[in-house]
Amino acid sequence: MRDNAIAVYYATRDGQARRIAEHICRRLNDGRKPPTPRNLLPTPPPPAELAQASLIVLVAAVRYGKHLPEVERFLNAYSALPSPPPIALASVNLSARKPGKTTSSGNPYLRKTIARHRLAPAAAIAFAGRLDYRRYSWRDRQIIRFIMLLTGGPTDPDTCIEYTSWSAVDEFADQIAALRRRD
Ligand SMILES: Cc1cc2nc3c(=O)[nH]c(=O)nc-3n(C[C@H](O)[C@H](O)[C@H](O)COP(=O)(O)O)c2cc1C
């Protein structure tokens with residue numbers, strides 16, 4: 001039996017996906033107990049927990065062309081449920097800072113993940129993440145700077161920019177709230 005709660009999960013390395021998941025949970029607070037966002041690491045949620053949710057929200061960061069490995073494991077477990085609840089997907093990456101790259105058709109990570117897992121998400125969006133060269137290892141910094149050079153982004157190694165549109169996160173949370181009301 002579904003317990004009618006929205007379950008919010010995130011996968012992060014540098015914290016932006018967690019911040020977005022927390023923002024969504026705060027926005028969902030409509031007098032009921034707001035959901036608590038849960039990290040997919042170190043322990044993935046048990047399948048029974050997923051099956052009980054009325055709606056699953058997944059906020060997933062991208063690294064080196066893919067969502068984090070725990071996202072793949074989570075979606076495999078989700079897809080294996082006999083009757084999976086609806087899912088809302090939010091991908092967090094830097095490609096989404098570009099116009100046209102925030103939708104499920106325009107964002108390559110979102111598009112490929114949806115196709116690979118044969119998902120039919122109730123909502124899907126890509127949010128632009130955060131670029132903070134000082135946090136990265138020397139190797140990661142050089143690679144990301146090179147990618148930024150190719151894609152017209154900042155290459156100054158002191159750059160720290162949050163590209164996330166918090167109004168877009170609010171809109172996504174409102175979409176989720178509307179899905180809950182329809183339930
Ligand atoms: C090592 C590394 C690899 C990344 N690879 C990609 C990538 O392939 N495509 C992309 O659009 N963004 C990429 N990014 C940007 C991240 O998706 C972005 O910084 C996001 O905010 C990370 O989310 P997190 O803070 O929750 O870990 C990368 C960032 C790092 C540090």
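Remember, predicted model here, so these are calculated numbers, not experimental data. Both counts, for ligands and for their atoms, begin at 1 and track the order of listing.
Pairs of residues two or more places apart, or lying in two chains, that qualify as side-chain hydrogen bond (donor to acceptor under 3.5 Å, both in side chains) and include a residue from residues 150-159 are R97-T151.
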Throw together a table of side-chain donor-acceptor distances under 3.5 angstrom for residues 112-124, partners on residues two or more places apart or in other chains.
residue	atom	partner	partner atom	Å
T113	OG1	H67	ND1	2.8
T113	OG1	Y109	O	2.9
R116	NE	E72	OE1	3.3
R116	NH2	E72	OE1	3.4
R116	NH2	E72	OE2	2.9
H117	NE2	E72	OE1	2.9

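Tested against D14 for a salt bridge (charged side-chain N to carboxylate O under 4.0 Å, His left out), the candidates R130, R63, R134, R19 yield a single pass: R63.
For an aromatic pair to be called close, the ring centres must be under 6.0 Å apart, and F127 with Y163 fails this.
Annotation: ligand 1 has protein neighbours T12, R13, D14, G15, Q16, A17, A61, V62, R63, Y64, G65, V92, N93, L94, S95, Y109, G129, R130, Y136, D140, I144, each with a heavy atom less than 4.0 angstrom from the ligand.
Y10 is listed as a side-chain neighbour of N39, based on a closest heavy-atom distance under 4.5 Å.
In this view, R38 and E49 satisfy the side chain to side chain donor-acceptor pair (under 3.5 Å) rule, not counting sequence neighbours.
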